[in-house]
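Each remark here refers to the structure printed beneath this line.
Chain identifiers are assigned alphabetically (A, B, ...) following the order of the sequence lines, protein sequences preceding nucleic acid strands; residue numbering begins at 1 within each chain. Fair warning: this is a prediction, and the values are worked out from it, not measured in the lab.
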Protein chains: 2
Amino acid sequence: MKPELILVIEDDAAILFGLRDNLQRAGYEVRSAGDGHQGLELARTVRPDLVLLDLMLPGLSGHEVCRRIRVDGLEMPVVMLTALGEEAQVVRGLNLGADDYVTKPFGIGELMARIAALLRRHRRVTPDVVTIGSLEVDRGARRVSREGVEIELTPKEYGLLEFFTRKSGRALTREQILDAVWGDSAAVTDRSVDRAVTTLRSKIEENPNRPTLIQTVPQVGYRFES
Amino acid sequence: MKPELILVIEDDAAILFGLRDNLQRAGYEVRSAGDGHQGLELARTVRPDLVLLDLMLPGLSGHEVCRRIRVDGLEMPVVMLTALGEEAQVVRGLNLGADDYVTKPFGIGELMARIAALLRRHRRVTPDVVTIGSLEVDRGARRVSREGVEIELTPKEYGLLEFFTRKSGRALTREQILDAVWGDSAAVTDRSVDRAVTTLRSKIEENPNRPTLIQTVPQVGYRFES
DNA sequence: CTCCGTTGTTACCACCTGATGACGCTCAAA
DNA sequence: TTTGAGCGTCATCAGGTGGTAACAACGGAG
């Protein structure tokens, strides 16, 4: 099993050092950022398994980083680090989609246990390799195969498929798909979603004319079988 | 939307009363138990959406209750309530599968926010599905089925049915239905509602000639059974 | 019993939506 | 510079969808 990747967004170098040290000793891989913008960028690109997020940050605030992470559809657990006596802040953070918070100064044992609990719960919900019918999607290795033979997908095709696996069983609007797979930066028509779905179907469906994995939901978008 | 059900397992009557009061005011439905055995029994039978669990309990300890809940494969979030200065206990609790803990005395606002956050996260994974008699409407997947067999609906039919499920039990005028399902943009006669209801009935009613799910309310419109 | 307003049902067809082949732009590798 | 893969857009086409109309059925009022 690949070690789990934790992103620490924290501007206090001493605390960051302590966290990094403890996390690595516990077997996690660690990336870190010193301000909000850089942290958000890393969260988007390296897709950590969990984010440790200081509330007071230069650049974007911790709240804003958390909110944008959720807006982007990223689902990893987020743990807020706050100073004492900020209950109001905490409430706000939790409402923005944070999963937990820990008050500084914190017991390192407690923090590690919380992290382990969140990762365990999250893993239960999103396993690394997903099997739908005879199709196998290995999110860890970024590989797709059917009956052992690998299916080559382009980056966009894979991104679309991975998004589908994370939202399997739910009807997804083209807009949701665009936001998640293309990102809000790209100015793209939702016809492009259709196009991408067609090519993806041609590669992963047994019979692309009668798709079973990716269903069209008329007037809405698509649904991936669960 | 049905209110979410929270099970509180707590032996201190004063704290229990306060929790119950706050939870109900926040719109949750509350069940409670005063000892571990009874609490576990309730968790198994009523399947609450979340469990608030005191650590010190007569009968089974909070830890034991939590462990058995997980052993049983129940996946609802569990929040532990602990007294101050029990970090070791907390670590143990989190490792047993608790999702969070709160230290007494706690700020009620913080507790409520944590509860809301956990429910939100958990709900993201379990789509909301409504059951009327033997009919099952999965709003997340945009699917309808009866006894496991899927019923294919056109977009308009589904939109109409979903609207009905959201307003079930109330008589709805054709105008209300038009506004909600067709949108004010479309200039459509209210005979179209009749027609849509007819086709919908033909698909979802056991006996379309004697409708039970969608009742006609003469001179007004229709009512969906609740 | 008859008339009339309301609702159910069926047939028809204009329009829209989604699938897909073709094309061209961009970017990176050779 | 060339080449080719990736990908977004466009045009076209087939099939489904749903609105309208026309008629049937129903039920209440007089």
Original post:
Which is true for D190(A) with a 4.0 Å heavy-atom rule: it touches a base, it touches only sugar-phosphate, or it touches nothing?
Top reply: nothing
Original post:
Between dT9(C) atom C1' and I214(B) atom CD1, what is the distance in whole Å?
Top reply: 15 Å
Subject >> Results of salt bridge (charged side-chain N to carboxylate O under 4.0 Å, His left out) for E175(B) - residues two or more places apart only >> reply: none
**OP:** Pull out every residue in residues 152-161 of chain A that has a heavy atom closer than 4.0 Å to any atom of DNA chain C, ordered by number, or say none.
**Re:** none
Subject >> L52(B) side chain near L23(B) side chain, heavy-atom distance below 4.5 Å >> reply: yes
Original post:
Can a salt bridge be assigned to the pair R139(A) and E162(A) using a cut-off of 4.0 Å between side-chain N and carboxylate O?
Top reply: no
Provide a list of protein-nucleic acid N or O atom pairs under 3.5 angstrom, restricted to nucleotides 28-30 of chain C.
none

Original post:
Would you call R223(A) and R143(B) a side-chain contact if the rule is heavy atoms closer than 4.5 Å?
Top reply: yes
Subject >> By salt bridge (charged side-chain N to carboxylate O under 4.0 Å, His left out) - contacts of D190(B) (at least two apart) >> reply: none
**OP:** Mind checking salt bridge (charged side-chain N to carboxylate O under 4.0 Å, His left out) for D194(B) and listing every partner two or more places apart, or none if nothing turns up?
**Re:** R174(B), R191(B)
**OP:** Quick one: which residue pairs count as a salt bridge (Lys or Arg N to Asp or Glu O under 4.0 Å) with a foot in residues 195-217 of chain A, not counting sequence neighbours?
**Re:** E157(A)-K203(A)
Original post:
Quick one: are V220(A) and R142(B) in side-chain contact, heavy atoms under 4.5 Å?
Top reply: yes
Subject >> Pairs satisfying ring pair (Phe, Tyr, Trp, His ring centres under 6.0 Å), at least one member in residues 204-224 of chain A, at least two apart >> reply: F164(A)-F224(A)
**OP:** Using a 4.5 Å cut-off on heavy atoms from C-beta on, say whether the side chain of F163(A) contacts that of L172(A).
**Re:** yes
Subject >> Pair of N/O donor and acceptor under 3.5 Å linking dG8(C) base with R191(B) side chain >> reply: yes
Original post:
Does the side chain of V8(A) come within less than 4.5 Å of R20(A)'s, by heavy atoms?
Top reply: no
Original post:
For DNA chain D, what residues of residues 195-206 of chain B have any heavy atom nearer than 4.0 Å?
Top reply: R195(B)
Original post:
Between the axis at one end of the helix from dC1(C)-dG30(D) to dA30(C)-dT1(D) and the axis at the other (five pairs apiece), what's the angle to 10 degrees?
Top reply: 20°
Subject >> Residues from residues 219-226 of chain A lying under 4.0 Å of DNA chain C - heavy atoms >> reply: Q219(A), Y222(A)
Subject >> Side chain proximity check, I115(B) to Y28(B), heavy atoms < 4.5 angstrom >> reply: yes
Original post:
Think N209(B) has a side-chain N or O under 4.0 angstrom from the OP1 or OP2 of dG8(C)?
Top reply: no
Original post:
Near DNA chain D, under 4.0 Å by heavy atom, which residues of residues 162-169 of chain B?
Top reply: none
Subject >> Along DNA chain D, first and last positions that approach a heavy atom of chain A under 4.0 Å >> reply: dG6(D) to dT9(D)
Original post:
So do V193(A) and W182(A) actually touch side chain to side chain, heavy atoms under 4.5 Å?
Top reply: yes
Subject >> Interatomic distance, I204(B) atom CD1 to Y158(B) atom OH [nearest 0.5 angstrom] >> reply: 12.0 Å
Original post:
Which is it for I6(A) and L19(A) under the side chain to side chain contact (heavy atoms under 4.5 Å, CB included) test, yes or no, and what are the steps along the way?
Top reply: CA-CA 10 Å; I6(A) 295 182; L19(A) 286 174; over 6 Å; no
